[in-house]
Amino acid sequence: MHALASALAAGATEHGAEVRLRRVAETAPRSAIQGNPRWLEHADGTAPKVLEATLDDLEWANGYAFGTPTRFGLPTVQLKGFLDTAGGLWARGLLADKVGTAFTAASTAHGGLDTTLLAVNNTFYHWGSLVVPLGYGDPHLKKQSGNPYGASFTGGSSDRPGDVELTAARIQGGRLARFAAAVAAA
Ligand SMILES: Cc1cc2nc3c(=O)[nH]c(=O)nc-3n(C[C@H](O)[C@H](O)[C@H](O)COP(=O)(O)O)c2cc1C
């Protein structure tokens with residue numbers, strides 16, 4: 001997810017956006033993290049270098065890209081936990097008229113990529129944000145990555161996203177930046 005997020009952020013930056021790359025708080029028990037070498041590597045190596053998302057980030061941004069691996073076909077409780085702290089901003093209308101998009105990963109091709117993305121997007125309807133799908137507009141999306149709902153990585157615990165997935169995420173970041181700027185200007 002971090003690799004996809006970084007590619008998406010690069011795509012948004014290339015299209016003129018000011019980007020805050022953030023992570024949500026890790027709430028899983030240490031024993032669960034230690035049971036997965038890649039999770040442990042991320043938790044101890046990469047995650048501490050990334051700032052934790054705050055409500056100020058949500059209020060500041062004109063557009064959001066929320067990424068989450070699939071957990072039984074749904075977003076993680078970690079992401080949901082953060083989104084559930086946004087009630088105050090929502091009540092004051094501060095999350096409306098923005099744009100949002102989602103990206104994900106799963107270990108199997110039919111293991112819930114699309115259901116996870118659609119579940120994240122439900123949040124945008126409640127906020128009054130516009131959903132920006134990845135679509136099929138770019139030839140790369142039609143011929144290679146092939147998920148119009150959002151950039152997706154399918155792989156086992158030893159795989160990492162390659163050019164196909166990272167390019168899709170980059171394109172998604174560019175789309176998000178363009179739509180965020182247009183909606184903010186309107
Ligand atoms: C509790 C749990 C539930 C999961 N559920 C699914 C699932 O429904 N479908 C699937 O394809 N992968 C599932 N996975 C695998 C994750 O989606 C996988 O962690 C994700 O692709 C990120 O890969 P990584 O954990 O190797 O970094 C699950 C993993 C966990 C820990």
Side-chain angles (χ1 to χ4, degrees), residues 1-12 19-53 57 64-85 100-126 131-136 138 140-173 175-176:
M1 295 314 303
H2 180 74
L4 289 177
S6 300
L8 197 148
V19 175
R20 291 184 186 178
L21 178 66
R22 297 289 186 263
R23 65 182 175 87
V24 296
E26 181 56 82
T27 56
R30 186 75 184 162
S31 57
I33 297 171
Q34 283 171 331
N36 177 335
R38 288 181 61 213
W39 196 356
L40 185 63
E41 178 195 324
H42 178 77
D44 290 353
T46 308
K49 297 178 197 146
V50 181
L51 289 177
E52 219 170 273
D57 296 323
Y64 311 113
F66 293 138
T68 167
T70 293
R71 294 288 184 259
F72 304 130
L74 290 166
T76 58
V77 70
Q78 289 91 332
L79 177 63
K80 187 69 168 62
F82 173 64
L83 297 178
D84 287 356
T85 66
T101 198
F103 58 104
T104 191
S107 56
T108 53
H110 299 285
L113 294 168
D114 302 353
T115 56
T116 302
L117 295 170
L118 292 171
V120 170
N121 286 348
N122 280 340
T123 305
F124 297 131
Y125 295 105
H126 289 256
V131 174
V132 178
L134 182 52
Y136 284 117
D138 189 286
H140 173 79
L141 305 173
K142 218 172 275 162
K143 294 199 177 117
Q144 296 204 54
S145 73
N147 190 344
Y149 298 92
S152 304
F153 169 58
T154 309
S157 58
S158 61
D159 302 330
R160 288 175 192 272
D163 279 349
V164 169
E165 296 87 5
L166 297 177
T167 300
R170 211 179 183 98
I171 293 168
Q172 191 170 1
R175 274 176 73 75
L176 178 67

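Note that the structure is predicted; figures quoted are calculated from it, not measured. Start at 1 and go down the list; that is how both ligands and their atoms are numbered.
- Pairing each heavy atom of Ala119 with each of Pro75, the nearest pair is CB-CD, 3.6 Å.
- The shell of residues lying under 4.0 angstrom from ligand 1, judged by heavy atoms, includes Phe72.
- Residue Gly73 places a heavy atom under 4.0 Å from ligand 1.
- Counting atoms of ligand 1 from 1 in the listed order, those under 4.0 Å from a heavy atom of Thr108 are 10 (C), 11 (O).
- Phe124 is linked by a ring pair (Phe, Tyr, Trp, His ring centres under 6.0 Å) to Phe66, counting only residues two or more places apart in sequence or in another chain.
- Residues Leu113 and Tyr149 are not in side-chain contact: their nearest non-hydrogen atoms beyond the backbone lie 4.5 Å or more apart.
- Considering backbone and side-chain N/O atoms, Ala106 comes within less than 3.5 Å of an N/O atom of ligand 1.
- The distance from ligand 1 to the heavy atoms of Gly111 drops below 4.0 Å at these ligand atoms: 7 (C), 8 (O), 9 (N), 10 (C), 11 (O).
- Using a distance-only test at 3.5 Å, with no hydrogens or angles considered, no donor-acceptor pair links the side chain of Arg71 to the main chain of Thr116.
- Residues satisfying the salt bridge (Lys or Arg N to Asp or Glu O under 4.0 Å) test with Arg170, not counting sequence neighbours, are Glu14.
- With a 4.0 Å cut-off on non-hydrogen atoms, Arg38 touches ligand 1 through its side chain and not its backbone.
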